[in-house]
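Below is one structure, written out as structure tokens, with a few remarks after it.
No experiment lies behind these values; they were computed from the predicted model shown. So that the names make sense, note that chain A is the first sequence line, chain B the second, and so on, each numbered from 1.
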There are 2 protein chains.
Amino acid sequence: MDAFTALSDPTRRRIVELLAGGERSAGELGASFDISAPAISQHLKVLKEARLVQVRAEAQRRIYALDAAGLDELEGWVDRIRGFWNERLDVLERRLAAHPETKKRRRP
Amino acid sequence: MDAFTALSDPTRRRIVELLAGGERSAGELGASFDISAPAISQHLKVLKEARLVQVRAEAQRRIYALDAAGLDELEGWVDRIRGFWNERLDVLERRLAAHPETKKRRRP
DNA sequence: TCCGTATTTAAGTCCGGAGCTAATTAAGCG
DNA sequence: CGCTTAATTAGCTCCGGACTTAAATACGGA
């Protein structure tokens with residue numbers, strides 16, 4: 001399960017936002033929503049598989065915290081897209097500066 | 001439609017990756033996939049609503065290009081999460097430095 | 001050991017989204 | 001005008017994912 005899919009759900013995004021403010025138990029997280037505990041548990045499982053959160057056991061409680069790995073993957077993808085894009089624009093700019101009269105050719 | 005939901009689909013992610021290499025027509029984009037033209041059109045509609053792509057008409061062709069707005073939204077969210085998180089860790093670090101005997105809490 | 005609390009697993013329902021084919025719109029060209 | 005090309009809209013099916021309730025697991029305390 002990739003980070004994008006995991007974060008496509010608003011509830012899961014909210015969970016990540018809550019965890020950005022500090023670690024919490026599954027029960028504490030669930031208190032912020034109107035859905036059942038099992039539903040929360042399943043969301044946490046998805047986030048865990050996407051490496052967006054980590055779990056640690058403390059007695060019966062499961063304490064959840066953010067995991068950087070998932071966020072890194074996300075940010076990496078966005079940066080890669082931006083990188084290719086800007087690189088392409090730079091080439092275009094240089095070409096326009098060097099040969100202002102060049103006839104434009106549409107990409108195939 | 002938000003950027004996360006739009007990018008939860010692998011086909012749509014791929015489309016964005018292709019457009020990072022330069023603008024293309026709907027038909028050119030579709031040639032990279034094994035799905036029907038209407039399916040591609042639907043995907044492009046979703047990406048457009050998420051402001052991840054822009055369209056421009058050229059005769060019968062619709063030329064698609066990346067739109068920074070969607071990527072900005074995405075990056076903004078990630079940065080906000082990281083911001084809150086790091087800020088919290090900084091506070092924790094300062095507290096530990098000032099009071100080494102403070103009851104410890106696991107680092108995320 | 002038995003009970004209460006915290007959480008997950010199991011099993012089932014329901015709805016939205018991704019795909020298809022067929023029909024529609026739009027533009028260039030003989 | 002018709003014909004072709006390019007793309008979107010309409011209408012349908014189907015599967016996965018987000019819920020639910022009920023049952024199972026795990027732990028601490030009286």
Side-chain angles (χ1 to χ4, degrees), chain A residues 1-19 22-67 70 105-108, chain B residues 1-19 22-67 70 103 105-106 108:
Chain A
M1 181 74 77
D2 62 287
F4 284 107
T5 306
L7 293 174
S8 65
D9 184 271
T11 299
R12 287 197 288 266
R13 273 202 298 274
R14 193 77 225 294
I15 289 176
V16 169
E17 288 166 0
L18 287 170
L19 291 179
E23 52 184 35
R24 325 226 166 174
S25 71
E28 286 167 346
L29 288 169
S32 298
F33 302 90
D34 279 344
I35 61 180
S36 68
I40 295 291
S41 186
Q42 290 173 55
H43 282 309
L44 289 170
K45 184 181 180 185
V46 170
L47 289 170
K48 196 170 47 184
E49 284 169 355
R51 297 192 310 175
L52 281 160
V53 307
Q54 286 177 330
V55 214
R56 147 174 74 91
E58 197 166 279
Q60 317 101 334
R61 290 190 176 80
R62 306 292 168 98
I63 311 294
Y64 285 86
L66 280 194
D67 183 345
R105 193 178 69 84
R106 286 272 154 254
R107 310 194 130 263
Chain B
M1 180 78 75
D2 63 287
F4 284 108
T5 305
L7 293 174
S8 65
D9 184 272
T11 300
R12 287 196 287 265
R13 273 202 298 276
R14 190 80 217 297
I15 289 176
V16 169
E17 288 166 0
L18 287 171
L19 290 180
E23 52 184 34
R24 325 227 165 174
S25 71
E28 286 166 349
L29 287 169
S32 299
F33 302 90
D34 278 345
I35 61 181
S36 68
I40 295 291
S41 188
Q42 290 295 326
H43 283 309
L44 290 170
K45 185 182 179 182
V46 170
L47 289 170
K48 196 170 47 183
E49 283 168 358
R51 295 194 309 173
L52 282 160
V53 306
Q54 287 177 328
V55 214
R56 148 173 72 90
E58 196 165 281
Q60 316 103 336
R61 290 190 177 80
R62 305 292 165 100
I63 310 295
Y64 285 86
L66 280 193
D67 183 345
K103 199 163 66 180
R105 270 173 129 200
R106 287 265 156 262

Could you check how far CD1 of A/Ile63 sits from P of C/dA6, rounded to whole Å?
11 Å

Name all residues meeting the side-chain hydrogen bond (donor to acceptor under 3.5 Å, both in side chains) criterion together with B/Ser8; count only those two or more places apart in sequence or in a different chain, and write none if there are none.
none

Applying side-chain hydrogen bond (donor to acceptor under 3.5 Å, both in side chains), which residue pairs with at least one partner in residues 26-37 of chain A are found, sequence neighbours left out?
none

B/Glu28 CD to D/dA7 P, in whole Å, measures 8 Å

Nearest atoms (heavy-atom pairs only) where A/Ala26 meets A/Leu44
CB-CD1, 4.0 Å

Here the distance between atom C1' of C/dT9 and atom CD of A/Glu49, to the nearest Å, is 14 Å

Find the distance B/Leu44:CG to C/dA18:C1' and express it as a whole number of Å.
14 Å

Can you check whether B/Ser25 has a side-chain N or O nearer than 4.0 Å to OP1 or OP2 of D/dA6?
no

Value rounded to 0.5 Å, distance of OG in A/Ser41 from CG in A/Leu29
11.0 Å

Which residue pairs pass the salt bridge (Lys or Arg N to Asp or Glu O under 4.0 Å) test with at least one member in residues 2-19 of chain B, sequence neighbours excluded?
A/Asp2-B/Arg13, A/Arg13-B/Asp2, A/Arg80-B/Glu17, B/Arg14-B/Glu17

5' to 3', nucleotides 17-30 of chain D under a 4.0 Å protein heavy-atom cut-off (B base, S sugar-phosphate only, - none) gives -SBBBB----BS--

Nearest-angstrom distance from the residue atom CZ of A/Arg61 to C1' of C/dT5
8 Å

Rounded off to whole Å, could you give me the CG-to-P distance for the A/Leu29 and C/dT7 pair?
9 Å

Under the rule for side-chain hydrogen bond (donor to acceptor under 3.5 Å, both in side chains), what residues qualify as partners of A/Ser25, not counting sequence neighbours?
none

Quick one: CZ on B/Arg24 to CD1 on B/Ile63, what's the gap to the nearest 0.5 Å?
11.0 Å

For D/dA6, does OP1 or OP2 lie under 4.0 Å from any side-chain N or O of B/Tyr64?
no

Pairwise distance CG(A/Leu18) to CZ(A/Phe33) - rounded to 0.5 angstrom:
5.5 Å

Nearest heavy-atom approach of A/Ile35 to A/Thr11 is CD1-CG2, 4.1 Å

Using Watson-Crick or G-U wobble pairs with both distances under 3.5 Å, give me DNA chain D in dot-bracket, 5' to 3', with [ ] for crossers and | for pairs to another strand.
||||||||||||||||||||||||||||||

